[in-house]
Amino acid sequence: MDKNYNHFSEKEIYALWEKRCLFNPDSFPSKKKPFSIIMPPPNANDPLHVGHARFVTISDILIRYFRMKGYKTLWVPGADHAGIETQFVFEKKLREKGESRFDFTREELYQMIWNYVQENKALMIEQLKLLGSSCDWSRFKFTLDQDIINVVYSTFKKLYDAGLVYRGKKIINYCPRCGTSFSQLEVDYVEREDFLYYLDYETIHIATTRPETIFADVAVAVNPNDKRYKNLIGQYATIPIIKRKIPIIADRLVDPKFGTGALKITPAHDPVDFEIGLRHNLTPISVIDENGKIINSPEKYIGLNTTVAREEIVKDLDHFIVKTEKISHTVGTCYRDKGIIEPTLSDQWFIKVSPLVKLSLDAIKEKKVVFVHKRFERMAKHWYKNLKDWNISRQIVWGIRIPAFRCNSCTYWNITSGEIPDKCQYCGHTKLTQDPDTFDTWFSSGMWPFATLMTTRKDDFKTFYPTSVMVTAYDILPFWVIRMIMLGIFATGNIPFEKVLLYGLVRDKFGQKISKSKGNVINPIEMLEKYGADSVRNSLVWGTLIENDISLSEDNIRGQRNFANKIWNIARFIKISFSNYPGLVPKEPSKIRKRLNDEDRNILKKLQLTVKSVSNNIEKCKLSQAISCIYDFAWKDLADKYLEGNKSREDKDTFLCVLRFCFTNCIKILHPFMPFITESVWQQIKEISIDDSDTLAGSAWPTNRNL
RNA sequence: GGACGCGUAGCUCAGCUGGCCAGAGCGUUCGGUUUACAUCCGAAAGGUCCCAGGUUCGAACCCUGGCGCGUCCACCA
């Protein structure tokens with residue numbers, strides 16, 4: 001054995017595990033209880049970052065622990081097509097080559113992105129292996145695999161048949177440059193300076209930052225309690241330039257303290273106005289089309305973009321402008337190109353969420369789904385209560401195309417489970433046109449736990465659903481976790497997972513958020529090459545609670561590398577000692593009980609307590625406590641005190657037997673955390689070890705009976 | 001405006017349902033050269049547990065209020 005541990009044999013170790021098929025539950029025909037985790041599929045297109053490294057570590061610790069405990073263990077890996085994200089990255093690449101998505105047909109574009117993603121997917125898989133992930137690669141799923149798509153289709157159909165899918169005109173967040181709508185969550189609100197124009201509507205003055213939308217006004221609203229305007233309610237105001245008369249109405253959403261306290265109502269271009277419009281039965285008028293150009297306005301403005309139109313209209317409004325002031329307010333911007341989002345009326349598919357929310361809240365209340373950390377349960381409930389109907393249409397190509405076909409004759413929509421209808425089910429007409437839109441990524445990934453298990457192996461769904469625990473970052477609780485619960489219960493009648501373990505974000509060593517612009521990005525693969533996967537893994541659970549954000553520093557990783565080296569050297573001491581005493585046969589301490597002294601009994605007792613505490617902590621997902629227990633036992637109790645205090649002892653025989661026994665058990669409980677070094681050590685000393693397991697990864701967790 | 005957190009050693013953080021002199025890692029200082037490891041060993045310094053009240057025999061921990069910081073969400077035209 002070398003003087004120091006070097007981690008360069010990690011790949012061989014991983015290959016050994018794969019060769020033994022240790023990660024495939026089919027190799028264990030036991031009737032034991034199943035334990036399963038579905039991996040949140042990383043974006044196929046991006047290299048792994050430290051956040052991924054954290055969930056890999058956490059999940060792998062749990063998986064390896066339960067595997068050693070004898071459970072039938074399955075960890076399903078996967079990759080996500082990451083709809084909008086990927087298409088925009090790809091389009092950027094096209095632009096660099098002087099091409100655009102409009103140069104290709106839909107099918108060509110899809111195929112090109114598909115090929116591009118396949119190339120990158122391989123890298124992602126490679127990196128997951130470098131981290132030691134003990135997934136069953138034979139069950140790998142991609143979110144655009146045909147069988148996954150089929151599950152998504154039939155779930156959509158089921159939702160439709162249950163009356164939970166509807167097509168509606170709604171205000172959506174539309175980006176005219178990207179040509180797509182975004183969910184509420186994809187819009188960034190930024191603080192901006194703008195002019196607030198006070199306009200004379202004859203009977204009343206209103207204030208607006210968007211004068212280009214005045215031709216879309218259908219009313220002026222005031223707060224019902226606003227004494228200034230009480231007698232105007234029911235009367236009319238007049239839109240300048242076109243002189244159209246519109247009613248003055250009262251609505252509680254109007255803030256009397258803002259501007260003049262009178263709000264022009266433009267239901268087609270503002271979400272609040274849309275809501276007020278609905279309440280008062282006002283018919284919306286659109287003045288901005290999907291390209292961001294003015295329509296339904298006086299001739300001279302038609303076709304202008306909104307910025308130019310605003311300038312022109314402000315010029316023409318002239319003496320109608322009573323006052324102009326600068327204000328700073330928040331404006332919705334596109335999270336991709338940072339441009340202004342136009343709230344626009346559009347036809348989209350929606351999911352009616354209230355029945356699904358009820359199912360989910362009930363499941364949480366009945367403790368069918370348990371959040372390991374209570375505070376996330378509180379957050380989830382809060383989200384559910386504020387969830388609005390879910391717009392699932394996206395105007396992009398890279399995704400799952402919505403199986404909705406509109407009849408060219410009667411214009412009714414035919415919804416299928418994916419198959420192309422040969423005739424309209426309402427009028428029998430044979431010409432139908434498919435909706436060009438694709439599903440929101442979160443809609444299909446919300447089905448991930450059951451879509452994967454329904455398509456891996458024949459009995460997987462039966463055996464492994466609901467999965468044992470969902471491990472994911474807390475920042476996607478609202479995007480993903482709550483939607484998986486809704487869709488899982490709806491589609492299968494059963495919860496998708498029993499526990500939700502949400503972990504905190506990885507930050508830099510000062511606790512700052514990691515971002516490219518700050519230049520504090522930590523590349524896990526670089527660290528792993530430098531210090532070994534075990535060190536990186538340990539540094540991601542060490543010292544901070546799982547549910548809290550963790551500050552990662554290279555110092556920390558180095559500290560864990562030193563720990564790995566300590567483990568290596570205890571093994572080296574044992575190996576050298578045994579080879580110095582060729583006649584020495586390792587015996588279990590229970591067989592030589594009479595020869596044990598106080599120190600021997602003490603360390604054996606300590607081992608027992610450590611195993612117990614580590615098991616408890618892992619089962620409660622308290623991983624930082626678990627690893628620090630092992631760390632203290634291995635380094636302080638075993639190496640510094642016991643080994644150091646006994647190395648020159650007369651009774652070498654007993655000492656070495658006790659040491660060997662404690663150490664082999666120690667690397668067993670350390671294995672889920674640091675699989676490579678422990679396996680590597682096991683391969684070195686297994687001939688003098690306590691059991692005859694060929695690999696440590698496939699060995700059994702220590703139990704009270706054999707301690 | 002709403003929700004959820006955080007404030008403990010120089011830094012990053014533990015401290016579970018109130019109870020032994022408040023802990024760890026890193027850093028700092030001092031001392032160790034053979035024989036498992038300098039990626040090591042031994043020792044030391046370093047804390048008004050954000051502030052103020054309250055509950056209690058007893059509070060870093062529970063309650064109330066403040067101050068400071070962070071994240072997410074949202075409907076200010």
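Given the structure is predicted, the values throughout are model-derived calculations rather than measurements.
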Here's a test of your reading of the structure: between A:Ile550 and A:Asn556, which maps to the more 5' nucleotide of RNA chain B?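 Here A:Ile550 is the residue nearer the 5' end.
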Report the residue (A:Lys636 or A:Asp508) whose heavy-atom-nearest nucleotide on RNA chain B is the more 5′ of the two.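 Per heavy-atom nearest nucleotide, the more 5' residue is A:Asp508.
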Mind checking [X] for me? I need base, sugar-phosphate or nothing, with any heavy atom below 4.0 Å counting as a touch.
{"X": "A:Leu643", "value": "base"}
{"X": "A:Asp475", "value": "nothing"}
{"X": "A:Thr544", "value": "sugar-phosphate"}

Selected nucleotide, minimal atom distance to [X] side chain, candidates [options]:
{"X": "A:Arg378", "options": "B:U12, B:G5, B:A3", "answer": "B:G5"}
{"X": "A:Phe258", "options": "B:A77, B:C72, B:C4", "answer": "B:A77"}
{"X": "A:Asp255", "options": "B:C4, B:A77, B:A36", "answer": "B:A77"}
{"X": "A:Leu545", "options": "B:C4, B:G15, B:A36", "answer": "B:G15"}
{"X": "A:Trp383", "options": "B:G5, B:C72, B:A36", "answer": "B:C72"}
{"X": "A:Gln625", "options": "B:G15, B:A36, B:C4", "answer": "B:G15"}
{"X": "A:Val272", "options": "B:A77, B:G5, B:C75", "answer": "B:C75"}
{"X": "A:Arg507", "options": "B:A36, B:C16, B:U71", "answer": "B:U71"}

What integer number of Å spans the [atom1] atoms of [N] and [M]?
{"N": "B:C4", "M": "B:C41", "atom1": "P", "result": "45 Å"}
{"N": "B:G27", "M": "B:G42", "atom1": "P", "result": "16 Å"}
{"N": "B:A24", "M": "B:C49", "atom1": "C1'", "result": "16 Å"}
{"N": "B:G68", "M": "B:G31", "atom1": "C1'", "result": "43 Å"}
{"N": "B:G66", "M": "B:U71", "atom1": "P", "result": "22 Å"}
{"N": "B:A45", "M": "B:G10", "atom1": "C1'", "result": "12 Å"}
{"N": "B:G53", "M": "B:C20", "atom1": "C1'", "result": "29 Å"}
{"N": "B:G7", "M": "B:C11", "atom1": "C1'", "result": "15 Å"}

Could you state the [atom1]-[atom2] distance from [X] to [N], rounded to the nearest angstrom?
{"X": "A:Asp194", "N": "B:C76", "atom1": "CG", "atom2": "C1'", "answer": "13 Å"}
{"X": "A:Leu387", "N": "B:A74", "atom1": "CG", "atom2": "C1'", "answer": "14 Å"}
{"X": "A:Asn386", "N": "B:C72", "atom1": "CG", "atom2": "C1'", "answer": "13 Å"}
{"X": "A:Tyr384", "N": "B:C72", "atom1": "OH", "atom2": "P", "answer": "21 Å"}
{"X": "A:Leu505", "N": "B:G70", "atom1": "CG", "atom2": "C1'", "answer": "11 Å"}
{"X": "A:Glu554", "N": "B:G27", "atom1": "CD", "atom2": "C1'", "answer": "15 Å"}
{"X": "A:Phe510", "N": "B:G27", "atom1": "CZ", "atom2": "P", "answer": "15 Å"}
{"X": "A:His382", "N": "B:C72", "atom1": "NE2", "atom2": "P", "answer": "15 Å"}

Just name whichever nucleotide pairs with [N], Watson-Crick or G-U, keeping both distances under 3.5 Å, else none.
{"N": "B:C61", "result": "none"}
{"N": "B:C72", "result": "B:G2"}
{"N": "B:A44", "result": "B:U28"}
{"N": "B:U17", "result": "none"}

Anything under 3.5 Å between a protein N or O and an N or O of nucleotides 37-41 of chain B, put it in a table, one pair a line.
from: B:C37; atom 1: O4'; to: A:Asn569; atom 2: OD1; distance (Å): 2.8
from: B:C37; atom 1: O4'; to: A:Asn569; atom 2: ND2; distance (Å): 3.3
from: B:C37; atom 1: O2'; to: A:Asn565; atom 2: ND2; distance (Å): 3.0
from: B:C37; atom 1: O2; to: A:Lys566; atom 2: NZ; distance (Å): 2.9
from: B:C37; atom 1: N3; to: A:Lys566; atom 2: NZ; distance (Å): 2.8
from: B:A38; atom 1: OP1; to: A:Lys3; atom 2: NZ; distance (Å): 3.3
from: B:U39; atom 1: O4'; to: A:Asn562; atom 2: OD1; distance (Å): 3.1
from: B:U39; atom 1: O2'; to: A:Asn565; atom 2: ND2; distance (Å): 2.9
from: B:U39; atom 1: O2; to: A:Arg561; atom 2: NE; distance (Å): 3.2
from: B:C40; atom 1: OP1; to: A:Asn562; atom 2: ND2; distance (Å): 3.1
from: B:C40; atom 1: O3'; to: A:Lys566; atom 2: NZ; distance (Å): 3.4
from: B:C41; atom 1: OP1; to: A:Lys566; atom 2: NZ; distance (Å): 3.4
from: B:C41; atom 1: OP1; to: A:Trp635; atom 2: NE1; distance (Å): 2.3
from: B:C41; atom 1: OP1; to: A:Asp640; atom 2: OD1; distance (Å): 3.3

Side-chain heavy-atom pair A:Ile364, A:Glu377 within 4.5 angstrom cut-off: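 Yes; the side chains approach each other to less than 4.5 Å.
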So, are A:Asp555 and A:Lys509 salt-bridged, with charged N and O less than 4.0 Å apart?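 So A:Asp555 does not pair with A:Lys509 through a salt bridge.
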Are A:Glu599 and A:Arg649 ion-paired here, with the side-chain N under 4.0 Å from a carboxylate O?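 Salt bridge flag = no for A:Arg649 with A:Glu599.
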A:Asp217 and A:Tyr201: side-chain donor and acceptor closer than 3.5 Å?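 Yes, side-chain donor-acceptor contact under 3.5 Å.
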Indicate whether the side chain of A:His7 and that of A:Asp534 have a donor and an acceptor atom separated by less than 3.5 Å.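 No donor-acceptor contact under 3.5 Å links the two side chains.
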What is the ring orientation for [X] with [Y], classed by angle as parallel under 30°, tilted 30 to 60°, or perpendicular over 60°?
{"X": "A:Phe195", "Y": "A:Tyr197", "answer": "tilted"}
{"X": "A:Tyr631", "Y": "A:Trp635", "answer": "tilted"}
{"X": "A:Trp390", "Y": "A:Phe443", "answer": "perpendicular"}

If you round to the nearest 0.5 Å, how far is NZ of A:Lys518 from CG of A:Asp508?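 Spacing of CG (A:Asp508) from NZ (A:Lys518) equals 7.5 Å.
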Establish, with yes or no, whether the OP1 or OP2 oxygen of B:A14 is under 4.0 angstrom from a side-chain nitrogen or oxygen of A:Asn548.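 For B:A14, OP1/OP2 do have a side-chain N/O of A:Asn548 under 4.0 Å.
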Taking only side-chain nitrogens and oxygens of A:Lys374, does any of them come within less than 4.0 Å of OP1 or OP2 of B:G5?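 Result: no.
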Given A:Thr57, A:Leu528, A:Ile627, the one that forms side chain to side chain contact (heavy atoms under 4.5 Å, CB included) with A:Arg537: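 Option passing the side chain to side chain contact (heavy atoms under 4.5 Å, CB included) with A:Arg537: A:Thr57.
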